[in-house]
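These values consider heavy atoms only, across backbone and side chains, with no hydrogens, waters or symmetry-generated copies. Everything quoted here is computed from the prediction, not taken from an experiment. Below, chain A is the first sequence line, B the second, and so on; all start at residue 1.
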2 protein chains.
Amino acid sequence: MAVTKQAGGRPAGERVHRAAVKLFATKGFHGTGIRDLAKAANLSSASLYHYMPTKERLLADIMRTSLQSLLDAATGELDGVDDPVERLDRLVVLHVTRHAREPMRTRVVDNEVDALTPASRRDVVGIRDAYEKLWSDAIDDGLRSGVFTTTRPATTRLALLDMCNGVARWFSPGGELGRSGLADHYADLARRMVGAPPRQPR
Amino acid sequence: MAVTKQAGGRPAGERVHRAAVKLFATKGFHGTGIRDLAKAANLSSASLYHYMPTKERLLADIMRTSLQSLLDAATGELDGVDDPVERLDRLVVLHVTRHAREPMRTRVVDNEVDALTPASRRDVVGIRDAYEKLWSDAIDDGLRSGVFTTTRPATTRLALLDMCNGVARWFSPGGELGRSGLADHYADLARRMVGAPPRQPR
DNA sequence: CCGAGACGATCAATCGATCGATAGACCCGA
DNA sequence: TCGGGTCTATCGATCGATTGATCGTCTCGG
């Protein structure tokens, strides 16, 4: 059942998915009509429904798979790493790198949560909570072992995540700092915030 | 011409404004219909148009006045303060306090920028740029006088602002940290990020 | 000749916005 | 103190346009 192609070169299902990410990110879920979606995917609005059950389910799928992939990557990245400082470093670098590489997708995940139906929202928020627990644990471990010095770890975690999420709002590949340079800088900022020693002590 | 009141106790124009802030913040601009707006303001959808020229202009007015008030407050707060550390402290405390006191209004300002028409957007972004310049200047001054140690001041400013903006997404008055406690904690975080000495050196 | 992929036409519902009308408060001249 | 005129606030009804979604039909490779 070799997937049929067309003008765009990509299979239609993928075109729909990509168009949805771009449009939901720039105009918002409610600001995007299925006709916009169809035009961006080079399809009629009727054909769209061969690739999605519903506009809302398309959004939910995008958010669910994006978040799940982030959670999986983070779990893998942390596997076998014991040093809390290294754990936090890796979380920040992964998070920032992803947000800089796919700002559109990330913006959808971060901003469109309450366009979801209650059922979809439960799923999505569940994955997000699991991901954020990795951050909480890293901070708690660092505090327990004495490498971090911060009062209010819960609030600091929120500040940390908000700071890293912001990258998706403004990052542009043409900037003075590339993706990896940016990630390193953010890792430094994170260390400072939790009171961990800087990367190369000298 | 004493402003007429009604069930809500408040004048109708203010009810419209408040309802718009709450609905735009929770359901988004495009997710809010004028009938939702009318219901929340205890008016018919027709009467709504005595208090706003257009749904989009209502949004623009909310954003413009909110941002202008923030800019004015910040300018006043900084007046006569020379020490860069103190300047940054005041910016953070003001910003965080406002975001915690009026999270709804802030969420509208932060998230609905691209629901505006190009003309409105120019106005709003202009005010926002002026506000953010206060932050840039504070950081640059601190660097020039040697109290701050951070490479990439531009990126650090963005990280700082994103961190502080996040407060509006999750703050709840019932939390363990009150508004002022939260603001103080964020001021500490900001000092750490720019490499300034902590608040009470001992 | 069948099924997947595509479409134009169209559905009911809702959208933002406007209409003409009404009820009541206020002012001013007689 | 009355009466008429004006103005503000409000509404039900309705406008044309657009929304998300569905229908039946066509096409074409296997």
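- Between the CG atom of B:Leu58 and the C1' atom of C:dG16 there is a distance of 13 Å, given to the nearest Å.
- Put simply, CD1 on A:Ile139 and OG1 on A:Thr156 are 6.5 Å apart, with the number rounded to the nearest 0.5 Å.
- For the side chain to side chain contact (heavy atoms under 4.5 Å, CB included) criterion with B:Thr155, the lone passing option out of A:Leu189, A:Val167, A:Leu182 is A:Leu182.
- With 3.5 Å as the limit, one finds no donor-acceptor pair spanning the side chains of B:Thr150 and A:Arg192.
- Note: CG (A:Asp36) to P (D:dT19) measures 7 Å, nearest angstrom.
- Taking the six-membered ring where tryptophan is involved, the planes of A:Tyr131 and A:Trp135 are perpendicular, since the angle between them exceeds 60° and thus also 30°.
- Between the C1' atom of C:dG5 and the CG atom of A:Asn42 lies a distance of 15 Å, rounded to the nearest Å.
- Straight-line distance from the CG atom of A:Leu37 to the C1' atom of C:dA6: 16 Å, rounded to whole Å.
- Residue pairs that meet the side-chain hydrogen bond (donor to acceptor under 3.5 Å, both in side chains) test with at least one member in residues 167-183 of chain B, sequence neighbours left out, are A:Asn111-B:Arg169, A:Asp162-B:Trp170.
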B/S/- contact track for nucleotides 21-30 of chain D, protein heavy atom under 4.0 Å: BBB-------
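- Dashed line: the shortest gap from a side-chain N or O of A:Ser44 to OP1 or OP2 of C:dG8 is not under 4.0 Å.
- We find that NE2 of A:His30 is positioned 20 Å from P of C:dA13, with the value rounded to whole Å.
- When the ring pair (Phe, Tyr, Trp, His ring centres under 6.0 Å) test is applied to A:Tyr186, no partner is found at least two apart in sequence or on another chain.
- Distance CG (B:Leu43) to P (C:dA17): 16 Å, rounded to an integer number of Å.
- Atoms CZ (B:Arg57) and C1' (C:dA17) sit 15 Å apart, rounded to a whole Å.
- B:Tyr51 places its OH atom 18 Å from the P atom of C:dA17, with the value rounded to the nearest Å.
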